[in-house]
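Quick notes on the structure that follows.
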Amino acid sequence: MNDQVSSDVFRHAMTCFASGITAVTTYEDRVPSGLIATSVCSLSADPATILVCVNKTASAHDVILRTRRFAVNLLSAEQLAVAKRFTSLRGPERFDPVHWQAGELDVPTLTGAVVVFECQLAKVHDGFTHSIIVGQITRATVNDEGAADCLLWHHRDFARTVQQAA
């Protein structure tokens, strides 16, 4: 009897979960580094902490561990081009300087993002192919105008939020 679900079945099942698309970003020696992540969630309100799951093979993985600071930028539905830029380009080319600025922790923050969390790395846990990174949030910026319309990943494609009538 096999007690494990195959990775193909798992990946297919996970497409049923709608997830917000985030750009997880940092600087090292003034060079921006980042990745797109959908495995992001709150951990605790006191202290304010967040979990980010990052593939160990991602180019920004080791940079985040070395710099010990990062931003989690929740993309708005209007920032689809940012997500596509991150998935099609590599390294600093992912960062169009028009849309990015240095935050208080000296991490790249995305102008117009729905939410930006600036974090200090608090802990790292092994998650097999991924590292589970715990960030202590030092600054949270909420764009109330864009808060209801974030970019989502659902069924292996981009989607957007829709408000339901009560």
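Quick note: numbers below take in every heavy atom, side chains included, and nothing from hydrogens, waters or symmetry partners. Just so it is clear, the structure is predicted and the values come from calculations on it, not from any experiment. Here, residue 1 is the first one in the sequence, and each next residue gets the next number.
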Inset, instruction - Is it possible for you to say whether Phe158 and Val40 belong to one hydrophobic cluster, with membership spreading through side-chain heavy-atom contacts below 4.5 Å? - result: no
Inset, instruction - Please go through Val116's hydrophobic cluster and name the other residues, only I, L, V, M, F, W, Y counting, with side-chain heavy atoms under 4.5 Å joining them. - result: none
Inset, instruction - Output the distance between atom OG (Ser39) and atom CG (Leu51), rounded to the nearest 0.5 Å. - result: 10.0 Å
Inset, instruction - Using a 4.5 Å cut-off on heavy atoms from C-beta on, say whether the side chain of Asp96 contacts that of Arg85. - result: yes
Inset, instruction - Measure the shortest side-chain to side-chain distance between Thr22 and Leu74 over non-hydrogen atoms and say whether it is less than 4.5 angstrom. - result: yes
Legend entry - Set of side-chain contact (heavy atoms from CB on, under 4.5 Å) partners for Thr25, sequence neighbours left out: Ala23, Ala71, Asn73, Phe86, Phe95, Trp100, Pro108
Legend entry - salt bridge (charged side-chain N to carboxylate O under 4.0 Å, His left out): pairs with one or both residues in residues 109-123, sequence neighbours excluded: Glu118-Arg139
Legend entry - Qualifying salt bridge (charged side-chain N to carboxylate O under 4.0 Å, His left out) pairs, either residue in residues 37-56, two or more places apart: Lys56-Asp126
Inset, instruction - Could you list all the ring-ring contact (aromatic ring centres under 6.0 Å, His included) pairs where at least one residue sits in residues 50-84, not counting sequence neighbours? - result: none
Inset, instruction - Could you tell me which residues satisfy side-chain contact (heavy atoms from CB on, under 4.5 Å) with Glu93, sequence neighbours excluded, listed by chain and number? - result: Leu89
Legend entry - Within-4.5 Å side-chain heavy-atom neighbours: Ile133 and Leu65: yes
Legend entry - Val134 vs Leu121 side-chain heavy atoms within contact, under 4.5 Å: no
Inset, instruction - Could you check if a side-chain atom of Leu151 sits within less than 4.5 angstrom of a side-chain atom of Gln79, using non-hydrogen atoms only? - result: no
Legend entry - Under 3.5 Å side-chain donor-acceptor pair for Asp8 and Ser6: no
Legend entry - Shortest non-hydrogen contact from Gly127 toward Ile132: CA-CD1, 4.1 Å
Inset, instruction - Would you check if Val72 and Val52 make a side-chain contact, meaning some heavy-atom pair closer than 4.5 Å? - result: yes
Inset, instruction - Sort and list the pairs that fulfil ring-ring contact (aromatic ring centres under 6.0 Å, His included) and have at least one residue in residues 101-140, not counting sequence neighbours. - result: none
Legend entry - From Asn55 atom CG to Leu35 atom CG, the distance as rounded to the nearest 0.5 Å: 9.0 Å
Inset, instruction - Indicate the atoms forming the closest heavy-atom contact of Ala77 with Arg160, along with that distance. - result: CB-NH2, 3.4 Å
Inset, instruction - With the side chain counted from C-beta on, respond yes when Asp149 and Glu78 share a heavy-atom pair under 4.5 Å apart, and no when they do not. - result: yes
Legend entry - Co-members of Val107 in a cluster of I, L, V, M, F, W and Y side chains, linked at under 4.5 Å: Leu105
Legend entry - Qualifying residues under side-chain contact (heavy atoms from CB on, under 4.5 Å), relative to Ala159, sequence neighbours excluded: Leu152, His154
Legend entry - Between CG on residue Leu43 and CD on residue Gln136, distance to nearest 0.5 Å: 10.5 Å
Legend entry - Minimum-distance pair of heavy atoms, taken over all atoms of Cys119 and Ile137: SG-CG1, 3.9 Å
Side chains of residues 9-21: which donor-acceptor pairs under 3.5 Å do they make with residues two or more places apart or in other chains?
unit_1, atom_1, unit_2, atom_2, d
Arg11, NH1, Ser7, OG, 3.4
Thr15, OG1, His12, O, 2.6

Legend entry - Transitive ILVMFWY side-chain link Leu75 to Val115, under 4.5 Å: no
Inset, instruction - May I ask you to establish whether Arg30 and Tyr27 are in a cation-pi arrangement, using a distance under 6.0 Å from NZ or CZ to the six-membered ring centre and at most 45° from the ring axis? - result: yes
Inset, instruction - Rounded to the nearest 0.5 Å, what's the gap from OG1 on Thr109 to CD on Gln101? Could you check? - result: 4.5 Å
Inset, instruction - Not counting sequence neighbours, which residues clear side-chain contact (heavy atoms from CB on, under 4.5 Å) with Arg66? List them please. - result: Glu28, Asp62, Val63
Legend entry - Test salt bridge (charged side-chain N to carboxylate O under 4.0 Å, His left out) applied to Arg69 - qualifying residues, sequence neighbours left out: Asp106
Legend entry - Under 3.5 Å: donor-acceptor pair, side chain of Ser76, backbone of Val114: no
